[in-house]
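Heads up, the thing below is written out as C-alpha cells.
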Amino acid sequence: MQYRRCGQAPGTISPEDQVVIDAFRSMLAALRTPEPWTPGSTHPIAVRVGTAVERARPRPGDSDGPDVIAIALEHPDGPHTPYGAAYRRLGWLRCDTAAILGIWNPAYAPLTHAASGLDLPATIGMDPAHYAVHVQAQTPDAVRTLLRLGPYTQTGHATRDAERLTALLDARQLTAAPGARLSAATTPLCADHHQYTDPAGADIDALLADTLTRAPASPGAG
C-alpha cells in the first residue's frame, strides 16, 4: 500500500518530502566520499563517537605522535550554539586519528547525538588531552618519580620543559643516588592531580634543584 499526503497527486513528492530526500542523499554521498582530513588542518572534522558521527575542532599544532591529536567536540550547529553545553563541558580530548572520518560536512548533522535528541554517552572513549612531565630516577631494580609537572594543555609546551630538564640533568650530571639514571619525559596527565606542580610561571630550574636536594638516598618503586 502506498501512502501519500492529502491532496497530493499519485506519483508526486511534496516539497517537504523532497527536502528530506535531498538531505538523505547528501548525507550518503558525504559518507561515501568524505573530504580527506590532513594532519595540521584547523578545519572542523567529523569524528566517530560510538555509532554516531560528531563535529570536532582540532587543537592547532597539538599531536601525540602520528596517531593521536587533541580535539574538542562541538554541537553540529557550531561551537557557539546555546545548546552546545554538553559538548563544551568535555573540554579537550585525545582522539585517535583512526576515528576521524574526514573534514566536517553539514550533511553529517543527522548522524549526531544532538540531531537525534540524545545526550552524549557518559563514556566518550577519549581521555582528556592534558599532559605532564615526569622526572624519574631509575636503577636496574626500581623507578621512582621525583617530580611531576602539570597540567599542560599542549604537548609542545610539555615537550619543551622535558627537553630543558633533560639538558639540565645532562649538563650537571646530576644523580639522585649512586647508579641511578635521571630522565625527564612527557606523559599523559594521570588522575592524581594533587601530586603535580603547576608549571605556569614556575622556575623549573629551581624546582629541579629543590627536588634533587630532597630526594632519598636511593630510589624506591614509585
Side-chain angles (χ1 to χ4, degrees), residues 37-43 45 47 49 56-74 88-100 123-177 179-216 218-222:
W37 168 76
T38 302
S41 170
T42 58
H43 292 291
I45 56 177
V47 175
V49 177
R57 174 167 48 99
R59 185 158 63 191
D62 193 3
S63 63
D64 189 4
D67 301 323
V68 177
I69 65 170
I71 66 165
L73 293 180
E74 296 181 339
R88 289 191 293 271
R89 67 175 171 77
L90 295 174
W92 293 102
L93 302 169
R94 302 176 72 243
C95 174
D96 192 321
T97 55
I100 299 174
T123 302
I124 297 294
M126 302 179 192
D127 296 326
H130 294 158
Y131 310 98
V133 172
H134 287 183
V135 175
Q136 295 181 320
Q138 182 175 358
T139 66
D141 301 320
V143 176
R144 180 177 180 83
T145 301
L146 304 178
L147 176 63
R148 294 176 172 88
L149 295 175
Y152 294 88
T153 57
Q154 292 197 346
T155 53
H157 295 166
T159 299
R160 177 199 61 197
D161 280 0
E163 291 175 346
R164 178 173 177 79
L165 289 169
T166 296
L168 288 171
L169 294 171
D170 290 344
R172 302 178 187 181
Q173 297 183 347
L174 297 173
T175 59
R181 182 176 65 85
L182 289 179
S183 62
T186 303
T187 181
L189 188 78
C190 75
D192 297 328
H193 292 186
H194 67 280
Q195 297 183 4
Y196 287 85
T197 299
D198 189 347
D203 184 340
I204 62 173
D205 299 49
L207 283 174
L208 180 63
D210 181 62
T211 296
L212 294 174
T213 299
R214 295 182 288 103
S218 61

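Among all heavy-atom pairs drawn from Thr166 and Ala184, the shortest one is OG1-O, 3.4 Å. In this structure, Ala132 and Tyr196 approach most closely via the heavy-atom pair CB-CE2, 3.3 Å. Nearest heavy-atom pair across Ala202 and Asp198 is CB-O, 3.8 Å. Nearest heavy atom pair, residue Pro151 against residue Leu189, reads CB-CD2, 3.7 Å. Between Gln154 and Asp62, the closest heavy-atom pair is CA-OD2, 3.7 Å.
Here the side chains of Tyr152 and Asp161 are in contact, with some heavy-atom distance below 4.5 Å. Looking at heavy atoms from C-beta onward, Leu212 lies in side-chain contact with Leu208 at the 4.5 angstrom threshold. At least one side-chain heavy atom of Met126 sits less than 4.5 Å from a side-chain heavy atom of Val47. Annotation: side chain of Thr155 is not in contact with side chain of Val68 (no heavy-atom distance under 4.5 Å). Side-chain contact between Ile204 and Val133 is absent, with no heavy-atom pair separated by less than 4.5 Å. Using a 4.5 Å heavy-atom threshold, the side chains of Ile69 and Pro39 count as separate. Put simply, the side chain of Arg164 reaches to within 4.5 Å of the side chain of Asp205, judged on heavy atoms.
Once rounded to the nearest 0.5 Å, the distance linking OG1 of Thr38 with NE2 of His43 reads 8.5 Å. A distance of 4.0 Å separates CD1 in Ile100 from CH2 in Trp37, rounded to the nearest 0.5 Å. Atom CG of residue Leu169 and atom CG of residue Leu182 lie 5.5 Å apart, to the nearest 0.5 angstrom. The structure places CD of Glu74 at 9.5 Å from CZ of Arg88, a figure rounded to the nearest 0.5 Å. Interatomic distance, Asp170 CG to Glu163 CD, rounded to the nearest 0.5 Å: 11.5 Å.
Under the side-chain contact (heavy atoms from CB on, under 4.5 Å) test applied with Arg59, the options Ile71, Thr42, Thr153 reduce to a single match, Thr153. Of the residues Val135, Leu147, Thr197, the one that meets the side-chain contact (heavy atoms from CB on, under 4.5 Å) test with Thr211 is Leu147.
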Would you tabulate the side-chain donor-acceptor contacts of residues 91-98 under 3.5 Å, counting partners in other chains and residues two or more places apart, or write 'none'?
residue : atom : partner : partner atom : Å
Arg94   : NH2  : Asp64   : OD2          : 2.4
Asp96   : OD1  : Ala98   : N            : 2.9
Thr97   : OG1  : Asp67   : O            : 3.3

